[in-house]
Enquirer: 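Below: one structure in structure tokens.
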Amino acid sequence: MAVATSGRYAVLPRGVSERTFSRALREFASIVGERHVSVSPAELVPYAHDVIMVPPIWPSAVVRPGSVDEVQRVVRVAHRLRIPLWPTSTGKNIAYGRMMAVEPGNVVLDLARMNRILEVNEHLAYAVVEPGVTYAQLYKYLRDHNLPLWLDPPATAPGAGPLGNTVERGVGYTPYGEHFLFSCGMEVVLADGRLLRTGSGALPGSRTWHIFKWGFGPYLDGLFTASNYGIVTKLGIWLMPEPPAYRPILMTLSQEDDIAAVMDFLRPLKVSHILPSAVVVAHALLALAAEAEYPWHLTGGTRPVPEDWIREEARKRMLGMWNVAGCVYGTPAIVRELTDIVLQKARSELPHATLLDVDEARESPYWDHKVRNMTGVPSMVEYSRLSWRGGGNAFVAPVVPLFGEEARKHMEIARPIFWKHGFDYIGEFIAATRDQHHVMMLLHKQPDEMERAMRCYRELTDAFCDQGYLPYRTNVAFMDHTMSRLDPVFREVCMQIKRALDPRGILAPGKNGIRLGQAARPPRQRAAAPRRRRGGSR
Ligand code: ADP
């Protein structure tokens with residue numbers, strides 16, 4: 001441990017004296033062991049950086065507990081001494097902040113050592129995991145034990161984990177892709193160190209904690225996602241029984257304008273669950289960013305990549321202007337039937353679509369990655385996009401109704417803003433059941449383009465919020481701003497819950513724009529933008 005009991009710390013938690021901080025560190029060390037507490041700048045580097053467009057945010061220390069009991073004891077010390085804690089599990093929340101806190105000086109509570117798979121129930125198809133369990137680890141466990149169960153990896157990484165991803169309401173690509181929906185039963189350490197079991201787990205000796213979500217009384221689990229009300233130390237996740245057959249449906253579309261037709265084509269297939277995977281419709285540049293060199297010579301870093309270049313590079317890689325990946329699952333007969341339905345509909349509604357041969361397509365890294373994602377296999381490709389323009393990325397992720405016109409309108413809002421700031425539009429529409437997540441990567445060069453990227457991100461966030469499209473998730477630099485766009489009653493209720501559960505405000509101050517003492521800034525006054533409505537019943 002590098003705890004200095006006198007002298008200076010590089011960073012102190014806000015409002016905490018050096019003396020109190022030293023005392024907290026001594027107490028933390030007596031709980032978790034000296035080697036699991038550090039204030040050494042060299043050890044704090046990974047906790048201070050992400051790839052987003054902001055300078056590092058330095059924590060004051062890192063503490064690495066190894067058990068729930070240790071988490072509770074650390075939290076009690078932090079509560080008594082008013083030390084802010086920033087929990088992180090597998091710490092791969094790349095481009096949303098990674099392990100960075102919103103404010104400098106937090107003590108990072110790194111839960112990666114708590115990495116036990118506590119239970120896998122083969123017959124009821126669920127697992128119970130600790131925070132440090134990674135997708136790669138769970139995947140290996142299922143394979144090693146020959147269990148016919150699939151997990152649902154997010155695109156980001158085998159090193160990310162189901163608990164951290166679920167509490168951030170992350171998504172994947174199998175029919176179990178809405179991760180929070182397929183989670184069941186949490187254990188949560190509260191800000192005063194008490195242990196809460198949610199749902200059916202509230203009954204001592206419960207036999208249904210991880211199979212019946214609702215329990216008795218209010219459903220509390222949602223409170224501990226996208227918030228800072230507690231530290232989740234166990235989570236039940238439902239696993240998909242391996243289907244006897246599946247068939248990826250991979251298509252390319254040659255025209256940029258095809259986006260409206262393809263999203264309209266997908267809507268009934270998604271709403272009726274004929275296509276139960278998330279269906280990704282990715283722009284060519286998204287795939288190229290992982291595979292091609294950024295053409296600095298053509299753009300100087302200030303102009304969009306020319307369309308001719310995109311077409312040519314896409315052609316070499318079995319890519320179209322838009323690239324559609326979905327999957328059907330079931331018995332061989334069901335899969336044949338569902339495939340026929342989808343392909344017949346595609347033939348009549350998407351004249352510019354080309355259906356790809358799956359085996360051939362899997363020779364391309366992009367398509368192989370997509371098929372893996374839709375069949376429960378963690379895969380790494382997404383990271384390689386970061387080096388395309390120089391290491392920086394921030395995701396912009398508004399949620400949009402599943403209509404073609406809405407997708408087209410989103411392109412019309414987003415593209416000029418990216419271009420105005422000298423960046424490219426690199427996006428995908430991910431069709432969930434009734435919505436599409438419009439996920440865009442703001443790839444930029446670090447640190448040269450940091451400030452420009454920050455302005456671009458802000459303008460995009462505001463442009464979408466002005467039109468009624470809320471991001472489902474944002475990075476730590478924009479949590480306050482995004483919260484400030486929400487209705488005051490919603491914000492006040494979030495604050496009231498914070499005051500009730502964490503009256504000293506020690507858990508992840510500022511996470512999702514929630515902190516004590518200082519409400520998120522009020523929304524800027526804007527003329528209400530007229531909302532487009534279609535279909536009357538929405
Ligand atoms: P992943 O590696 O799967 O992306 P992370 O460990 O990076 O997940 O967690 C993502 C975010 O979720 C963190 O930045 C943190 O804000 C929050 N978080 C992570 N673990 C916990 C936890 N155990 N309890 C509460 N919030 C958490």
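Ligands are counted one by one from 1 in listed order, and the atoms in each one are counted from 1 as well.
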Enquirer: Can you pull out the closest protein heavy atom to atom 9 (O) of ligand 1? Residue, atom name and distance to 0.1 Å, please.
Expert: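 Atom 9 (O) of ligand 1 sits closest to the protein heavy atom Gly164 CA, 3.8 Å.
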Enquirer: With respect to atom 5 (P) of ligand 1, which of Ala160, Ala226, Gly91 exhibits the smallest heavy-atom separation?
Expert: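 It is Gly91 whose heavy atom sits nearest to atom 5 (P) of ligand 1.
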Enquirer: If you have a sec, work out which protein heavy atom is nearest atom 12 (O) of ligand 1 and how many Å separate them, to one decimal?
Expert: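 For atom 12 (O) of ligand 1, the nearest protein heavy atom is Glu168 CG, 3.3 Å.
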Enquirer: How about Asp221 and Thr198: does a side-chain donor come under 3.5 Å of a side-chain acceptor?
Expert: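 Yes, because at least one side-chain N or O of Asp221 sits under 3.5 Å from a partner of the opposite role on Thr198.
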Enquirer: So which protein heavy atom does atom 3 (O) of ligand 1 come closest to, and at what separation?
Expert: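 Answer for atom 3 (O) of ligand 1: Gly161 N, 2.9 Å.
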Enquirer: Do Lys213 and Phe180 meet the cation-pi criteria used here (NZ or CZ under 6.0 Å from the six-membered ring centre, within 45° of the axis)?
Expert: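 So Lys213 does make the cation-pi contact.
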Enquirer: Is the shortest distance from a heavy atom of Gly97 to ligand 1 less than 4.0 Å?
Expert: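 For ligand 1, residue contact (heavy atoms, under 4.0 Å) with Gly97 is absent.
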Enquirer: Provide the number and element of each atom of ligand 1 under 4.0 Å from a heavy atom of Leu163.
Expert: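 Answer for ligand 1: 23 (N).
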Enquirer: Assert yes or no for the condition that the ring centre distance of Tyr472 to His437 is strictly below 6.0 Å.
Expert: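 Ring-ring flag for Tyr472/His437: true, centres closer than 6.0 Å.
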Enquirer: Give the residue and atom name of whichever protein heavy atom lies nearest to atom 15 (C) of ligand 1, and the separation in Å to one decimal.
Expert: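 For atom 15 (C) of ligand 1, the nearest protein heavy atom comes out as Pro87 O, 3.3 Å.
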Enquirer: Out of Thr90, Thr225, Val71, Val476, who is nearest to atom 1 (P) of ligand 1 when you count heavy atoms only?
Expert: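 Comparing heavy atoms across Thr90, Thr225, Val71, Val476, the nearest one to atom 1 (P) of ligand 1 lies in Thr90.
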Enquirer: Among side-chain atoms of Asp192 and His79, is any donor-acceptor pair under 3.5 angstrom?
Expert: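 Judged by distance alone, the side chains do not pair up.
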Enquirer: Mark yes or no for whether Asn475, through its side chain, and Gly97, through its backbone, hold a donor-acceptor pair below 3.5 Å.
Expert: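 Not confirmed, Asn475 side chain does not pair with Gly97 backbone.
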Enquirer: I'd like to check which ligand 1 atoms, numbered from 1 as shown, lie under 4.0 Å from a non-hydrogen atom of Leu111.
Expert: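 The list of qualifying atoms is 23 (N).
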Enquirer: Say whether Asn93, considering both its backbone and side-chain N or O atoms, lies within less than 3.5 Å of an N or O atom on ligand 1.
Expert: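 Yes - when backbone and side-chain N and O of Asn93 are compared with those of ligand 1, one distance drops under 3.5 Å.
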Enquirer: Please state which protein non-hydrogen atom is closest to atom 23 (N) of ligand 1 and give its distance, to 0.1 Å?
Expert: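 Sorting protein heavy atoms by distance from atom 23 (N) of ligand 1 puts Val232 O, 2.8 Å first.
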Enquirer: May I ask you to establish whether Arg143 and Tyr139 are in a cation-pi arrangement, using a distance under 6.0 Å from NZ or CZ to the six-membered ring centre and at most 45° from the ring axis?
Expert: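 Yes.
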Enquirer: Taking only heavy atoms of Ser89, which atoms of ligand 1 are found under 4.0 Å from at least one of them?
Expert: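 Answer for ligand 1: 6 (O), 19 (C), 20 (N), 21 (C), 22 (C), 23 (N).
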Enquirer: Tell me the protein heavy atom at minimum distance from atom 18 (N) of ligand 1, and give that distance in Å.
Expert: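 Ranking protein heavy atoms by distance from atom 18 (N) of ligand 1, first comes Val167 CG2, 3.7 Å.
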Enquirer: Side chain or backbone of Tyr96 under 4.0 Å from ligand 1, or both, or neither, by non-hydrogen atoms?
Expert: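 None of Tyr96 does.
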Enquirer: With distance as the sole test, does Ser206 use its side chain to make a donor-acceptor pair with the main-chain N or O of Ser200 at under 3.5 Å?
Expert: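 Between the backbone of Ser200 and the side chain of Ser206 there is a qualifying donor-acceptor contact (under 3.5 Å).
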Enquirer: Please round to the nearest 0.5 Å and tell me the distance separating atom CG of Leu109 and atom OG1 of Thr88.
Expert: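 The OG1 atom of Thr88 is 9.0 Å from CG of Leu109, to the nearest 0.5 Å.
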Enquirer: Does ligand 1 have a heavy atom under 4.0 Å from the side chain of Lys92, from its backbone, from both, or from neither?
Expert: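 It is both backbone and side chain that touch ligand 1.
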Enquirer: Around atom 25 (C) of ligand 1, find the nearest protein heavy atom and jot down its residue, atom name and distance.
Expert: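 Looking only at protein heavy atoms, the one closest to atom 25 (C) of ligand 1 is Gly230 O, 3.5 Å.
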Enquirer: Indicate the atoms forming the closest heavy-atom contact of Ile94 with Asp50, along with that distance.
Expert: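 That closest heavy-atom pairing would be CA-OD1, 3.8 Å.
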Enquirer: Give the residue and atom name of whichever protein heavy atom lies nearest to atom 14 (O) of ligand 1, and the separation in Å to one decimal.
Expert: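 Protein heavy atom at minimum distance: Arg98 O, 3.6 Å.
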Enquirer: Below 3.5 Å, N or O to N or O, backbone or side chain included: is there any such pair between Pro131 and ligand 1?
Expert: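 No - when backbone and side-chain N and O of Pro131 are compared with those of ligand 1, no distance drops under 3.5 Å.
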Enquirer: For ligand 1, is any non-hydrogen atom under 4.0 Å from Lys511's backbone (N, CA, C, O), its side chain (CB onward), both, or neither?
Expert: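 Side chain only.
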Enquirer: For ligand 1, which atoms sit closer than 4.0 Å to a heavy atom of Ile231?
Expert: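 Those of ligand 1 that fall under 4.0 Å from Ile231 are 24 (N).
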Enquirer: Between Asn228 and ligand 1, which part of the residue brings a heavy atom under 4.0 Å of the ligand: side chain, backbone, both or neither?
Expert: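 Asn228 to ligand 1: no contact under 4.0 Å from either part.
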Enquirer: Pick out which of Val232, Thr166, Leu163 makes a side chain to side chain contact (heavy atoms under 4.5 Å, CB included) with Met186.
Expert: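 Filter result, single survivor: Val232.
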Enquirer: If you draw the axis of the six-membered ring of Tyr96, does the NZ or CZ of Arg473 fall within 45° of it and under 6.0 Å from the ring centre?
Expert: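 Yes, Arg473 lies over the aromatic ring of Tyr96.
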Enquirer: Dump the intermediate steps for side chain to side chain contact (heavy atoms under 4.5 Å, CB included) on His438 and Val399, then the final yes or no.
Expert: CA-CA 6 Å; His438 184 193; Val399 176; over 6 Å; no
Enquirer: So, for Phe182 and Tyr176, is the gap between ring centers shorter than 6.0 Å?
Expert: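 Yes, they do, as the ring centres are separated by less than 6.0 Å.
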